[in-house]
Amino acid sequence: MRVVAWLKRHDPDFAALRRAGRAAIVMPLLFAFGGLVIGSPDVATFAAFGSFAMLLLVDFSGPLLDRVQAQLGLAAAGAVLVCVGTLLSRPVWLSAVAMAVVAFAVLFAGSVSSVMASASTSLLLAFILPVTLPGTVASLGPRLLGWGIASVVAVVAIVVLWPAPTREPLRGPAVDACRALAARLHAEAAAMLRAGNPELAAERDAATREADAAVAALHRSFLNTPYRPTGLSTSARTIVRLVDELTWLNAVIEQFEHVRIPAAVPGGAVHVAAFEVKSAAAAVLERGADLLGRHGGDPAELEAALDLLGEARGAVEAATMALPASGATEEGGRAADRFVASLDPGFRAQELAQATTTVAVNIALTARAERRSWWQRVTGRQPGDLAGPVAVAAERASGFVGWNSVWLRNSIRGAVALGLAVLLANLTGVQHSFWVVLGTLSVLRSNALSTGQTVLRGVIGTAIGVLLGAAAMLAIGDNRVVIWVLLPIAILVAGIAPAAISFAAGQAAFTILLVLLFNLIAPSGWTVGLIRIEDIALGCAVSLLVGALFWPRGAAAALRQALAQAYTESVDYLAASVAFGLGRCDAAAHDGPEPRAQALRAAAAARRLDDAFRTYLGERGSKRRPLAEVSASVSGVAGVRSASDAILDLWRGQETVDADRADAHRALDASVARLDDWYARLAARLLERKGPPPPEPADASARSRLADAVERDLGDAHGNVSATAVRIVWTGDYLDVVRRLEAVIVGPVHTLGTDLPTPSRRE
């Protein structure tokens, strides 16, 4: 029982145990079948290591059918690489160049397809093995036979041998959070409609506490997910984004709860419209929870609920724009100031609808992504893409082309390291050059420091493995039966150790496995361990050299740079959205098309940030604390982009008004300039590893400037001018939302700045 409890703590869901157990059963059987039954070393080697690649080095996510399809695709792609690697294994220079080219193609393809990203190590092994074991056309048959046997048995194994459940640790908490937020909105809407009712107020307070607890539980689930694979699928990524979106939605609901609805309009039109927005938003969240609770469901009901929310949003906009000039019940003060204040409830309803729509669109995208065919997932085709697979792949890959792209850096680094490893292994003539290249692949990390730490752990682990392997071989002697008995145990331990214990423990267990394996191929006793030391040391030296030469900065530095660029591009998009709205105010100024180019650049920068963040989470070694704050700094980018989208939606479809809006230009341009200056300083300090600038305080004169900008409209009976005035005020409100984000971002940026790293967590 203690062993089981230990495994539960160190191997959640027994994922590593499941993979290692399958490999421990399959790999010895295939090795024995190829060597003893068929009598071919090539068949034995490629069958054994093929099963190793397809059962231990990859773990596809999703339903069983999706995993089987991905496994078959991996088998087919691996067979092609086996052929190419065999044909290009000589001369030496050609094998090195081929290794570099194939490594870059495989690694960079992960930016296009999450399936490819998940299988990259297995695909590289399928090429490393044949390119480092010189062969001819005649050896293609046995090698493909071995790989084919491994492929068939691997597919059967994942279906029959302890099938993995669909692991989606965030889906359940996200569903619970959606339902809790919907209940909160229903309770608040009821309390709003019957103000002063103590029972409804108590129900609202209870629903608020439950919603806060559900959102907090979702965030804890995200932070406690122990392994976040690089190859997150589209649906998995959208669910991850829901963590921050639902947190933001809860904050928006909190802001709305404290807004008093003015009774300035006969019949309480704004009051009724705001009630309808809350009720419609609650219905959207309920439909979203239902859809998210099913894998690959039909988003039709959710889209119908979104249409109703859009109608409610339009109604609150119309009711707000029908407010009289006085706009509020307070006595005294300028009519313009009272009018601007009276628009706040309408804005909060708009903000609620916008945040709810963002959540719902993400849930619908999750469902559509899960309804894609296997081929669409492999080629990275996103829901709604109309272009062909080649065009789609090229468009997605283009977002990762640039010196700031972590994916491009890692792809180049990996390609150079593996190509150099093949070249050195062949030139030095070491035995089993395959392990030199595999050693390079296993220890290469994203920076020189981390690579050096992994090198030390790898060499120490290998040395321990040699000592243990030598002791075992001295005790066993030439008793092959005992070696065959120990082989599956060694495979099991080697599969569990890296995930449950440490990288060094995994290297030690893997070395013992190799000592046993090569003593079955060509009995030589414990000296096989010395060969392993020589090979892994050469591989470590190569990875350390390449890590030092190519961008010697860690994942945290890459994350800082990606974060700086993402905020810069997002604020540019925000400024362009405001300029578009002002252009609708003043046709003579700069009325023009929507800022599509800025939106695309901001989206591409956000994708690169997501890539850098996932690399940061996946990198072994110390992490800066706390992870919750780092996550918040990343989600702040989404907040800026969401505000930009909302401003565009606000002005989209508004007829151009040929009028002098100099006051509106001054008011909004001043707010944009303050935001642009603060986020520019933030980006510069991120790159300089300095502390962030303090958040800007609220501009006390901003509301007064907006009142000046719309004062001339209060006596105007034309609806278009009144609508323009409301949109000007709401645009300023969205800019203030972006300003409030600064306080959320400042704490997280400190964790990426000059703080010292905390002690390393379990690898």
Side-chain angles (χ1 to χ4, degrees), residues 19 22-58 60 67-90 94-95 98-99 102 106 119-161 378 422 431-435 437-438 441 480 483-484 487-488 490-491 495 513-514 516-523:
R19 294 194 306 270
R22 290 171 181 161
I25 295 172
V26 171
M27 189 174 175
L29 291 177
L30 294 188
F31 187 69
F33 180 76
L36 302 179
V37 178
I38 298 180
S40 169
D42 273 346
V43 173
T45 300
F46 279 80
F49 285 104
S51 62
F52 178 83
M54 287 182 273
L55 292 177
L56 253 178
L57 298 184
V58 68
F60 293 112
R67 298 200 296 269
V68 170
Q69 290 175 332
Q71 203 79 29
L72 291 173
L74 171 60
V80 173
L81 292 175
V82 167
C83 294
V84 175
T86 300
L87 297 177
L88 300 180
S89 60
R90 283 294 179 268
L94 182 59
S95 65
M99 182 73 257
V102 170
V106 169
S120 59
T121 304
S122 297
L123 290 171
L124 288 174
L125 180 58
F127 188 81
I128 289 171
L129 188 61
V131 85
T132 53
L133 298 176
T136 63
V137 175
S139 59
L140 280 178
R143 293 183 174 192
L144 285 176
L145 177 60
W147 183 267
I149 293 172
S151 301
V152 172
V153 175
V155 171
V156 174
I158 67 171
V159 175
V160 176
L161 298 178
V378 170
V422 169
Q431 297 186 50
H432 312 306
S433 58
F434 162 69
W435 298 111
V437 188
L438 192 61
L441 178 65
R480 295 172 64 85
I483 297 177
W484 277 109
L487 183 60
I491 295 172
L513 167 61
L514 294 181
L516 298 175
L517 198 61
F518 279 111
N519 270 284
L520 289 174
I521 297 174

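Below, each value reflects all heavy atoms present in this structure, side chains not excepted, and no hydrogens, waters or symmetry copies.
Residue pairs meeting the side-chain hydrogen bond (donor to acceptor under 3.5 Å, both in side chains) criterion with at least one partner in residues 74-87, sequence neighbours excluded, are Thr86-Arg143. Within the structure, no pair that satisfies the side-chain hydrogen bond (donor to acceptor under 3.5 Å, both in side chains) test touches residues 22-43, not counting sequence neighbours.
Taking OG of Ser120 as the start and CG of Leu125 as the end, the distance is 11.5 Å to the nearest 0.5 Å. Between the CD1 atom of Ile158 and the CD atom of Gln71 there is a distance of 4.5 Å, given to the nearest 0.5 Å. Expressed to the nearest 0.5 Å, how far CG of Leu74 lies from CG of Leu81 amounts to 9.5 Å. In this structure, CG on Leu145 lies 11.5 Å from CZ on Phe46, to the nearest 0.5 angstrom. Taking CD1 of Ile38 as the start and CD1 of Ile149 as the end, the distance is 4.5 Å to the nearest 0.5 Å.
When all heavy atoms are compared, the tightest approach of Arg67 to Phe60 is CD-O, 2.9 Å. Minimum heavy-atom separation, Leu140 to Cys83: CD2-CA, 3.7 Å. What you find for Ala44 and Gly34 is that their closest heavy atoms are CB-C, 3.7 Å. In this structure, Ser122 and Val58 approach most closely via the heavy-atom pair OG-CB, 3.5 Å. Minimum interatomic distance between Ala98 and Leu88 (heavy atoms only, all atoms of both residues): CB-CD1, 3.6 Å. Between Pro41 and Gly39, the closest heavy-atom pair is CD-O, 3.9 Å.
Under the side-chain contact (heavy atoms from CB on, under 4.5 Å) criterion, Ser151 pairs with Met54, Ala75, Trp147, sequence neighbours left out. Residues passing the side-chain contact (heavy atoms from CB on, under 4.5 Å) test with Val26 are Leu30, Ser51, Leu55, Val153, Ala157, Leu161, sequence neighbours excluded. Legend: residues meeting side chain to side chain donor-acceptor pair (under 3.5 Å) with Ser95, ordered by chain and number and at least two apart, are Asn426. Judged as a side-chain contact (heavy atoms from CB on, under 4.5 Å), and not counting sequence neighbours, the contacts of Val160 are Val156.
A donor-acceptor pair is defined here as one N or O able to donate and one able to accept, closer than 3.5 Å; such a pair exists between the side chain of Ser89 and the backbone of Gly135.
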(request) Could you walk me through whether Leu513 and Leu487 pass side chain to side chain contact (heavy atoms under 4.5 Å, CB included), step by step? (result) CA-CA 7 Å; Leu513 167 61; Leu487 183 60; 3.4 Å; yes

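Two residues are said to be in side-chain contact when any heavy atoms from C-beta on lie closer than 4.5 Å; Thr136 and Ser139 meet this criterion. When side chains are defined from C-beta on, Val422 counts as touching Thr132, because their heavy atoms get closer than 4.5 Å. Counting heavy atoms from C-beta on, the side chains of Val82 and Leu129 never come closer than 4.5 Å.
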